[in-house]
Every structure is written in structure tokens, then in C-alpha cells.
> 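Just passing along the structure, written as C-alpha cells.
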2 protein chains.
Amino acid sequence: MTKGMRAQKDPTNRRTPHEAFTFYLQEHRLKITPQRRLILDIFLLEPGHVSSEELYAKVKRRDPSIGQATVYRTLKLLMGCGLADAVSFADGITRFEPHLGSEHHDHLICEACGRNIEILDPVIERRQEELAAKYGFRLERHKMDLYGVCPDCQKDKPS
Amino acid sequence: MTKGMRAQKDPTNRRTPHEAFTFYLQEHRLKITPQRRLILDIFLLEPGHVSSEELYAKVKRRDPSIGQATVYRTLKLLMGCGLADAVSFADGITRFEPHLGSEHHDHLICEACGRNIEILDPVIERRQEELAAKYGFRLERHKMDLYGVCPDCQKDKPS
DNA sequence: GTAGCTGCAAACGTTTTGCTGGTTG
DNA sequence: CAACCAGCAAAACGTTTGCAGCTAC
């Protein structure tokens with residue numbers, strides 16, 4: 001604890017998303033532009049998943065001059081620095097979700113209405129690690145989607 | 001083992017994939033064509049996952065007159081009768097894997113070499129059911145992919 | 001015979017890229 | 001002021017569809 005130690009927000013290497021993005025851009029000698037900042041801001045407000053198009057629409061509301069290509073390009077950057085994850089639900093559209101810190105979740109998706117619940121189960125998470133270890137894998141990440149029919153839709157059309 | 005008993009492959013209601021496909025087609029008043037049979041044959045030889053394009057290439061080797069569209073259309077049929085599953089790995093390409101009988105498995109994928117191990121863990125399978133039930137969902141199917149680095153690739157490039 | 005199929009090519013929707021002028025560091 | 005980026009439109013990508021002739025039933 002020397003007094004020369006500067007006040008840091010967080011003693012860990014954790015950064016805010018904006019800091020992480022800035023750091024990543026600087027590290028790669030890329031530029032911090034208003035567009036990139038705006039896209040990150042709006043992306044972070046997303047509770048769940050957005051397609052590039054949906055995000056583009058929201059971004060455009062705040063800055064109509066922005067182009068679709070910039071959204072795609074920025075999403076790639078966000079994935080590059082670990083702030084966004086791609087999730088694909090086999091409908092041909094890639095969706096993105098914010099990846100904050102070490103947060104992670106899986107999906108419980110209603111095949112009837114598209115309702116999408118984010119779940120996180122410690123039992124499964126741990127078992128996944130065990131499984132990977134059993135095969136000698138170093139587990140980096142995973143994806144689990146459960147598809148079914150939600151309670152509301154079961155009422156509408158019981159099987 | 002009475003001698004009158006005809007040699008049946010399996011006393012259960014299990015059918016060979018070809019029988020299942022034939023049944024499905026007849027049931028829906030669709031036609032059994034040489035193309036469909038050929039595509040199924042070649043698809044079933046796949047150990048892991050194929051993209052439509054890869055499958056098309058292999059099919060074309062045996063019948064150059066076949067069209068890409070027929071492969072897509074047949075894959076849809078195979079999914080319809082439960083003989084094929086779609087798996088998407090977020091690279092924009094839909095891959096398909098044979099779904100034989102009631103077999104099911106998840107994936108353990110090496111991000112370095114692409115090696116793909118099929119896994120099935122009862123602990124996880126059961127927990128998934130429990131989770132769905134907790135939210136009132138009727139679980140239809142699921143998809144779980146674990147991504148990491150396999151033992152061999154860890155040697156090549158330890159992190 | 002007729003419903004359904006095939007192959008082709010054109011259409012489709014999503015994502016990428018080439019370019020030119022503009023902005024960041 | 002050099003490298004990088006934005007917006008635009010065109011291209012590219014995987015996939016679907018319309019059609020005219022052909023095939024299974």
C-alpha cells in the first residue's frame with residue numbers, strides 16, 4: 001500500500017464497458033468515433049438479444065445519418081473485445097447480446113411465441129466444466145438453448 | 001423363435017432411417033424420388049455435421065445432374081421427419097447432422113482445430129428438464145455446445 | 001393422369017466490401 | 001497529416017422460390 005498508488009476504480013482488472021472498448025480500440029490503434037460510442041451505448045441498453053437490424057433502427061433514431069454497415073462493423077469490434085456475444089437461433093439472423101463482465105446466461109425459448117427467457121443454472125454450469133475436463137478440454141465458453149412451449153402458449157394450443 | 005417369424009430387424013417400433021423417410025413421405029403424400037433417396041444415403045454417411053453445400057458437393061459426385069435446391073429441399077424434409085437436426089455455429093452457415101433413432105447428443109468443439117466430440121450427459125439432460133419445468137415450459141428439444149481447446153491443441157499452443 | 005418433383009436461374013434477406021470524402025489522434 | 005473511419009451503394013453470401021418440363025404413383 002504505497003502512497004504512490006493512484007486511486008483506481010477497481011483493484012481488479014475489471015473495467016466498465018466503455019473503458020474496455022476504449023482500451024481495446026487504442027490497443028489496436030483504432031479510432032474512437034462518436035458513432036462507435038453511440039452504438040455501444042445503445043447496445044448496452046439492450047436487455048436481451050438484438051439483431052444488427054434492430055440495433056441499427058434504434059441507433060438511427062438518435063443519429064439518422066448513421067449507416068447499417070457501421071453497425072455491423074462496430075458489432076464485430078465489440079465481439080473482438082468481448083463486449084458482445086453472437087447468438088444464432090437457426091433462423092438465419094445473427095443476434096447479439098451484451099457480454100458484461102463474467103456474466104453469462106443460456107436461453108429458454110418458446111417455439112410458439114418466440115418468448116425468450118434468460119437462464120443460468122449453477123448445476124449445469126459446473127457439470128459442463130466437469131465434462132470438458134473429462135475430455136481434457138480447456139473450456140472457453142458454451143451455448144445452451146432449451147426449446148419448448150411456454151405456459152401461455154400451452155393454454156392457447158395444448159399439444 | 002418360431003420358423004414362421006419373418007426376419008425382422010427390430011421388434012420395436014424402431015425403423016431404419018430409410019423406412020422412416022419412406023413412411024414420412026407417404027404419410028404426407030410426397031414422392032419417393034431417386035434424388036431424395038440418394039441425398040439421404042449420403043447424408044447418413046456423414047459422421048458429424050455437413051453444410052448444405054458440402055452435402056451438395058458429395059451428392060453431385062454421384063449424380064452430377066442434381067441441383068443445390070433439391071439438397072436444401074430434401075434437408076428440410078429430413079428435418080421434418082426428425083432424421084436431421086440443424087446446428088448453427090454462429091458462422092452464418094447452417095449445418096445438419098443425422099439424428100438417428102432417439103439418439104441425441106451435444107457438442108464439445110475445439111476452437112483451434114475444429115474437432116468435434118459428441119457428448120451426452122444424463123446429469124445435464126435431467127437438469128434441463130427440471131429447469132424448463134421450473135418456468136412452466138414443456139421442453140421439446142435443446143442444443144448445447146461447449147467450446148474450448150482440445151488436449152492436442154493445448155500442446156501446440158498453450159494459452 | 002395428376003399431383004408433385006426436379007433443375008435452373010432469378011429473387012431474397014443478411015452481411016460484407018470498395019470507394020470517396022471526412023475525422024481522429 | 002497520415003491513418004483510419006463514415007456513409008453509400010454494390011457485391012457477396014447462403015438460402016428460397018417461380019417456373020417449365022418431367023416422374024412417381
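Per chain, numbering begins at 1; letters A, B, ... match sequence-line order. These numbers were taken from a predicted model, which means no experiment stands behind them.
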> May I ask you to establish whether B/R36 and B/F21 are in a cation-pi arrangement, using a distance under 6.0 Å from NZ or CZ to the six-membered ring centre and at most 45° from the ring axis?
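That pair does not qualify as a cation-pi contact.
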> In whole angstrom, give the distance that lies between atom CD1 of B/I93 and atom C1' of C/dG13.
16 Å
> How long is the line joining CG of B/D63 and P of D/dT23, in whole Å?
12 Å
> What is the distance from CZ of A/R95 to C1' of C/dG13, rounded to the nearest Å?
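Rounded to the whole Å, the gap is 13 Å.
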> Using 4.0 Å as the upper bound for N to carboxylate O, is an ion pair formed by B/E130 and B/R127?
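Yes, B/R127 and B/E130 are salt-bridged.
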> So which heavy atom on B/G67 is nearest to which on B/Y56, and how close?
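For B/G67 versus B/Y56, the nearest heavy atoms are C-CE1, 3.5 Å.
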> Hey, does the side chain of B/R36 come within less than 4.0 Å of D/dA24's phosphate (OP1/OP2), counting only N and O?
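False: B/R36 side-chain N/O out of range (4.0 Å or more) of D/dA24 OP1/OP2.
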> To the nearest 0.5 Å, how far apart are CD in B/E129 and NZ in B/K134?
15.0 Å
> Rounding to an integer number of Å, can you tell me how far B/Q35 CD sits from C/dC5 P?
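Answer to the nearest Å: 11 Å.
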> Under 4.0 Å between any heavy atoms, over every strand shown, what does A/S51 touch: base, sugar-phosphate, or nothing? Just pick one.
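Touches nothing.
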> Other than A/M144, what residues sit in its cluster of Ile, Leu, Val, Met, Phe, Trp and Tyr side chains whose heavy atoms are under 4.5 Å apart, directly or through others?
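Its cluster mates, by chain and number, are A/L108, A/I117, A/I119, A/I124, A/L131, A/Y135, A/F137, A/L139, A/L146, B/L108, B/I117, B/I119, B/I124, B/L131, B/Y135, B/F137, B/L139, B/M144, B/L146.
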> When you get a sec, tell me which of D/dC4, C/dT17, C/dC5 is the closest nucleotide to the side chain of A/A69?
C/dT17
> Between A/T94 and C/dT14, is there a contact of a side-chain N or O with OP1 or OP2 at under 4.0 Å?
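So the side-chain polar atoms of A/T94 never come under 4.0 Å of the phosphate oxygens OP1 or OP2 of C/dT14.
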> Using a cut-off of less than 4.0 Å, is there contact between a side-chain N or O of A/R29 and OP1 or OP2 of D/dC4?
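Answer is no, no contact under 4.0 Å.
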> Nearest to the side chain of A/L30, heavy atoms from C-beta on, is which of D/dC4, C/dT6, C/dC5?
D/dC4
> For B/Q26 and A/P34, find the nucleotide of DNA chain D closest to each by heavy atoms; which residue's nucleotide sits nearer the 5' end?
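Looking at DNA chain D, the more 5' nearest nucleotide goes with A/P34.
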> Measure CD/B/E53 against P/D/dT16 and give the value in whole Å, please.
13 Å
> Is there a side-chain contact between A/T70 and the phosphate of D/dG7, meaning an N or O under 4.0 Å from OP1 or OP2?
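For A/T70, the contact criterion (side-chain N or O under 4.0 Å from OP1 or OP2 of D/dG7) is met.
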> Would you mind telling me which of C/dG4, D/dG14, C/dT6 lies closest to the side-chain atoms of B/K31?
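The listed nucleotide nearest to B/K31's side chain is C/dG4.
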> Decide, yes or no, whether a salt bridge links B/D106 with B/K143 under the criterion of side-chain N to carboxylate O below 4.0 Å.
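No, B/D106 and B/K143 are not salt-bridged.
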> Nearest 0.5 Å, what's the SG-NZ distance between B/C81 and B/K76?
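One gets 14.5 Å once the value is rounded to the nearest 0.5 Å.
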> Taking CD1 from B/I66 and P from D/dT23, how many angstroms apart are they, rounded to a whole number?
14 Å
> Please work out which of the three classes, parallel, tilted or perpendicular, describes the rings of B/Y24 and B/H28, given edges at 30° and 60°.
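Because their plane-to-plane angle lies in the 30° to 60° range, the rings of B/H28 and B/Y24 count as tilted.
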> Respond yes when some side-chain nitrogen or oxygen of A/K76 is under 4.0 Å from OP1 or OP2 of C/dT16, and no when none is.
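For C/dT16, OP1/OP2 do have a side-chain N/O of A/K76 under 4.0 Å.
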> Starting at atom CZ of B/R37, determine the distance to atom C1' of D/dT23, rounded to an integer number of angstrom.
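Result: 13 Å.
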> Roughly how many Å is it from CG in A/L75 to P in D/dA6, rounded to a whole number?
12 Å
> Note the angle between the end axes of the helix from C/dG1-D/dC25 to C/dG25-D/dC1, five pairs defining each, rounded to 10 degrees.
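Overall, the helix from C/dG1-D/dC25 to C/dG25-D/dC1 bends by 40° from one end axis to the other.
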> Would you tell me if any nitrogen or oxygen in the side chain of B/Y72 comes within less than 4.0 Å of OP1 or OP2 on D/dT15?
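Answer yes for this pair, as a side-chain N or O of B/Y72 is under 4.0 Å from OP1 or OP2.
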> Between B/H28 and A/I32, just flag the one whose closest nucleotide in DNA chain C comes earlier from the 5' side.
B/H28
> If the cut-off is 4.0 Å, is A/Q68 near the phosphate of C/dT14, judged by side-chain N/O to OP1 or OP2?
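No, because none of the side-chain N or O atoms of A/Q68 sits under 4.0 Å from OP1 or OP2 of C/dT14.
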